[in-house]
Number of protein chains: 2
Amino acid sequence: MAAVSVRDVAALAGVSLGTVSNVLNTPDRVSPATQKRVLDAIEKLGFVRNDAARQLRAGRSRSIGLVVLDIGNPFFTDLAEGAEDRAAEAGFALLLGNSHGTAARETRHLELFEEQRVRGMLISPVGEIEPQLARLRSRGIPSVLVDRSIADQSFSSVSVDDVAGGMLAVNHLLDVGRRRIAFVGGPTRIHQVSDRLEGASRAISAVTGATLEVLSTEALTVLEGRRIGAALVDRPPAVRPDAVFAANDLLATGLLQALTMLNGVRVPDDIALVGYDDIAFASTAVVALTSIRQPSALLGRTAVELLLAESEAAEGHEPRQVVFTPELVVRESTAP
Amino acid sequence: MAAVSVRDVAALAGVSLGTVSNVLNTPDRVSPATQKRVLDAIEKLGFVRNDAARQLRAGRSRSIGLVVLDIGNPFFTDLAEGAEDRAAEAGFALLLGNSHGTAARETRHLELFEEQRVRGMLISPVGEIEPQLARLRSRGIPSVLVDRSIADQSFSSVSVDDVAGGMLAVNHLLDVGRRRIAFVGGPTRIHQVSDRLEGASRAISAVTGATLEVLSTEALTVLEGRRIGAALVDRPPAVRPDAVFAANDLLATGLLQALTMLNGVRVPDDIALVGYDDIAFASTAVVALTSIRQPSALLGRTAVELLLAESEAAEGHEPRQVVFTPELVVRESTAP
DNA sequence: TACCACATTTAAAACGTTTCATAAAGCGCC
DNA sequence: GGCGCTTTATGAAACGTTTTAAATGTGGTA
């Protein structure tokens, strides 16, 4: 019930409280004998540092804020997991904020975390947030942007190259001999969708005789995938694509359901299929799904890394943009 | 760049710093005119409370620790989301810790959070953790246990009644006229599995002529579900069950794949199927899956609620055990 | 006019650390 | 034996709040 402070430890060990602090922070400066006495006292009393006091004096805390668009989205869950792991390794606590995609909540979390005087913010922004982050920076709180193509290079960021991902997917389809390829995805105002399509187009352009048909969807859902899949089954085989690149795994799953259920079309024999995100279900679909994997956890770890670097560094630290390249995971749905 | 403190605000507003604090905490005590001047100054300087100092003086922080077994598990993700929402509403920050099911990491997080002097811990424990929590409690840090059948009633807890869930599932199958029911799940040392089976048994016992066959699995995975499903397809129709209750949705998904793919068995006509957890994919399976939904987010919200109550209350606060009843979500896979 | 009650404001102490300047002690060397 | 040097330990100040007791001002009442 009683809070144990350095003072109590000092009293029990028969030293001054400054010495206790030295044992904790700069053990080299204190003799082995004294050190032992102090450590014994700490052990005996079960002393645990009060980070608030530490932070107050030191001016810097040992926590990091993470604000994500939607913690329910596996991408962000994995990212949070990676960030938390790295933070814990460095002895930092991770404050989690879920903005649910709304600017108001995002701002609320930034305020809450600023009150906590976090070492810095990791944020996947909803809207225009640069002004807020600039203000925080002027207060000595750095930020790292997550998963966004940033015009403003004045902040550090981590992201994944969706154009490269699109190329990866379509190049793979071309490699396994497909030429009439369809892209399924939308709406294109989602920049991930347009980037993946852009990558697909580039890959197609490099190969003569290869064509790309774009089938637009209203959303990136299983249902939309099923709808497009049913439409493909209805087509005469001659005008069907021989491969489909879906903008995410949900669409791909829906496509797969429609194609295999209706039994007119075999995957991969008639139509090869590539998804995107490599969600847990991709590998356990009726036909295991080839997909593009994003290194989400690594993104989180790296974001923490950049943040700590920026926080340690002197004033004029150069922000860094780290762009990861996604990875192709080949499974049955495109097996030759 | 300079940190703005109450002192600066006081100077600009031409009042003492005690008055600034009063404006922030007990506005009734300060005249409207002064209040306005102070608020203007706060606005102008962009003053943000330093929670470390606040906490140091007040002895209590404005953050809550959450340690989960596996943040990648949708159940815990939803729970964390609910907890975070509720915490944010109350002006609290949520510290997230992922124990990955290992006791060492769990302990590490508890230490880290204790250093932060969190208001309390929310924890889904890995192993025997009562001693650690008892120690924390003696230090004035309460805990709420999450999702566990606790022998020790001395801690508050939130959990879901898996026995009730099992009954719910099987009663539904009985309601739609099925009598030869199979339970698919395992290993039974997982208490969720044994509880759900227990519920299933009870429901069966209440109806004469109903039988329950138990098909054991090594793990709760899609693959295992597919294995059992294939075995069922191989049986002569006469000795097949007319309904299956799977211990979770992954198993159910595997079962569904095997049953519908091999085309010998129709769902729900020949075999009705109920899963458990109501994961996102349940509703978009080839045959939309009837499942048992756990109120994960509500669990998280409630856990925060209990924690705050305990933290506000006087010394001898009675711990509370809240047990939620899961909910049946009927879809195609059992449609009459 | 003198006094009191009340509303408002102030000044100072306290929270538990870290840090810094300084003191004490031990030691080798001339 | 005194000197400087290094190692080790100390005490006090400081971080930014909240809180408490005391001070100040205002108006009403005797």
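Keep in mind it's a predicted model, so treat the numbers as computed, not measured. Within every chain, numbering begins at 1; the chains are lettered A, B, ... in the order of the sequence lines, protein sequences first and strands thereafter.
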*Going by the side-chain contact (heavy atoms from CB on, under 4.5 Å) test, name the single residue among Val20(B), Leu39(B), Thr19(B) that passes it with Val9(B).*
Val20(B)
*Residues from residues 49-65 of chain B sitting under 4.0 Å of DNA chain C, heavy atoms only?*
Leu56(B), Arg57(B)
*asked:* Can you confirm whether more than 12 heavy atoms, excluding those of Arg7(A), are under 6.0 Å from its CZ atom?
replied: no
*Distance-only, no hydrogens or angles: does the Thr102(A) side chain make a donor-acceptor pair with backbone N or O of Ser99(A) under 3.5 Å?*
yes
*State which residues pass salt bridge (charged side-chain N to carboxylate O under 4.0 Å, His left out) with Arg37(A); sequence neighbours excluded, sorted by chain then number.*
none
*Can you list the residues that meet the salt bridge (charged side-chain N to carboxylate O under 4.0 Å, His left out) rule with Glu111(B), with sequence neighbours excluded?*
none
_Partner set under side-chain hydrogen bond (donor to acceptor under 3.5 Å, both in side chains) for Lys44(B), not counting sequence neighbours_ = none
*Residues forming a side chain to side chain contact (heavy atoms under 4.5 Å, CB included) with Asp8(B), sequence neighbours excluded*: Val4(B), Ser5(B), Leu45(B)
*asked:* One pair to check against salt bridge (Lys or Arg N to Asp or Glu O under 4.0 Å): Glu89(B) and Arg301(B). What are the steps and the verdict?
replied: CA-CA 10 Å; Glu89(B) 282 172 24; Arg301(B) 297 190 73 89; 2.7 Å; yes
*Checking Thr77(A) side chain against Ile71(A) main chain: does a donor-acceptor pair fall under 3.5 Å?*
yes
_Could you walk me through whether His100(A) and Asp85(B) satisfy the side-chain hydrogen bond (donor to acceptor under 3.5 Å, both in side chains) test, starting with their C-alpha distance in whole Å, then the side-chain angles of each, then the deciding distance to 0.1 Å, before giving a yes or no?_
CA-CA 10 Å; His100(A) 294 271; Asp85(B) 283 354; 2.9 Å; yes
*Among all residues two or more places apart in sequence or in another chain, which pass the side chain to side chain contact (heavy atoms under 4.5 Å, CB included) test with Glu128(B)?*
Glu130(B), Arg148(B)
*First contact, last contact: which nucleotides of DNA chain D are these for chain B, 5' to 3', heavy-atom distance under 4.0 Å?*
dG16(D) to dT19(D)
_Distance (rounded to the nearest 0.5 Å) between Glu114(B) CD and Asn50(A) CG_ = 10.0 Å
*Short question: side chain of Thr302(B), backbone of Leu298(B) - any donor-acceptor pair under 3.5 Å?*
yes
_Arg54(A) side, atom CZ; Gln116(B) side, atom CD - distance, nearest 0.5 Å_ = 9.5 Å
*Taking only heavy atoms on the protein side, list every residue of residues 20-37 of chain B lying under 4.0 Å from any atom of DNA chain D, sorted numerically.*
Ser21(B), Asn25(B)
Taking N or O atoms only and anything under 3.5 Å, show me the protein contacts with nucleotides 21-26 of chain C, one pair per line.
none

*asked:* When the axes are fitted on five pairs at both termini, how much does the helix from dT1(C)-dA30(D) to dC30(C)-dG1(D) curve, in 10° steps?
replied: 70°
_Any donor-acceptor N/O pair, Ser63(A) side chain to Leu94(A) backbone, under 3.5 Å_ = no
*Check whether any side-chain N or O of Glu106(B) sits under 3.5 Å from a backbone N or O of Val126(B) as a donor-acceptor pair, and report yes or no.*
yes
*Any residue meeting side chain to side chain contact (heavy atoms under 4.5 Å, CB included) with Leu308(A), in chain and number order, not counting sequence neighbours*: Ile64(A), Ala90(A), Phe92(A), Val304(A)
*Which ones in residues 10-19 of chain A lie close to DNA chain C, meaning a heavy atom under 4.0 Å from one of its atoms?*
Leu17(A), Gly18(A)
